[in-house]
Amino acid sequence: MAKKALKILIELLADTGVEHLFAKTTNNNTASQKVLEKNGFTYISTSEEEVEMNGKSLQFVYYRKDL
């Protein structure tokens, strides 16, 4: 469902003048990473800074897609 929703968003933005989409997720959220990659997003980097979420120490993973 998320893959399809993101695909629709990308299609809607294609003719609006938006040139780039940026996304971030956490390093433990491999499902979101796969959705982004299957929709043509490219991995940029993983933050060195850690954040605590639900008692876990996590890092953000950043992605970019050129439209």
Side-chain angles (χ1 to χ4, degrees):
M1 181 70 110
K3 180 182 172 189
K4 186 174 181 178
L6 183 55
K7 181 180 179 186
I8 291 169
L9 175 64
I10 292 166
E11 290 170 356
L12 290 172
L13 291 174
D15 296 326
T16 64
V18 173
E19 296 179 5
H20 314 287
L21 290 177
F22 295 90
K24 73 178 178 180
T25 186
T26 53
N27 61 317
N28 70 335
N29 193 340
T30 56
S32 289
Q33 293 171 28
K34 287 178 184 178
V35 166
L36 292 169
E37 291 168 3
K38 287 181 180 181
N39 276 285
F41 280 75
T42 303
Y43 168 81
I44 297 173
S45 66
T46 301
S47 68
E48 292 183 22
E49 181 180 343
E50 293 186 352
V51 294
E52 188 168 325
M53 191 180 309
N54 299 325
K56 295 181 181 179
S57 185
L58 304 172
Q59 296 169 296
F60 286 111
V61 181
Y62 296 92
Y63 288 86
R64 173 185 171 150
K65 178 172 177 64
D66 298 326
L67 299 180

Point to revise | Point-to-point distance, once rounded to the nearest 0.5 Å, from CZ of Arg64 to OG of Ser45 | key: 12.0 Å

Point to revise | Check: Tyr63/Glu37 side-chain N/O donor and acceptor closer than 3.5 Å | key: yes

Point to revise | Verify same cluster id: Leu58, Tyr43 (apolar side-chain graph, 4.5 Å) | key: no

**Study point:** Separation between NZ of Lys4 and CE of Met1, rounded to the nearest 0.5 Å
**Key:** 7.5 Å

Point to revise | Interatomic distance, Lys3 atom NZ to Ser32 atom OG [nearest 0.5 angstrom] | key: 14.0 Å

Check your understanding: Can Leu6 be reached from Ile44 by stepping across I, L, V, M, F, W or Y side chains whose heavy atoms are under 4.5 Å apart?
Key -> no

Practice item. Search all heavy atoms of Glu50 against all heavy atoms of Ser57 and return the closest pair with its distance. Key: OE1-OG, 2.5 Å

Check your understanding: Can you tell if the side chain of Asn54 reaches within under 4.5 Å of the side chain of Lys56, non-hydrogen atoms only?
Key -> no

Point to revise | Gap separating the CG atom of Leu12 from the CD1 atom of Ile10, nearest 0.5 angstrom | key: 10.0 Å

Check your understanding: Has the side chain of Thr25 got a donor or acceptor atom that lies under 3.5 Å from a matching backbone atom of Gln33?
Key -> no

Review point. Does Asp15 CG have over 12 foreign heavy atoms under 6.0 Å away?
Key: no

Check your understanding: Under a 4.5 Å side-chain heavy-atom rule over Ile, Leu, Val, Met, Phe, Trp and Tyr, are Leu36 and Phe60 clustered together?
Key -> no

Review point. Does the side chain of Leu9 come within less than 4.5 Å of Leu13's, by heavy atoms?
Key: yes

Check your understanding: Should we count CD of Glu19 as having more than 12 external heavy atoms under 6.0 Å?
Key -> no

Review point. Does Lys65 reach the main-chain N or O of Asn39 with its side chain, forming a donor-acceptor pair under 3.5 Å?
Key: yes

Check your understanding: If two hydrophobic side chains count as joined below 4.5 Å and joins carry through other members, does Phe22 share a cluster with Tyr62?
Key -> yes

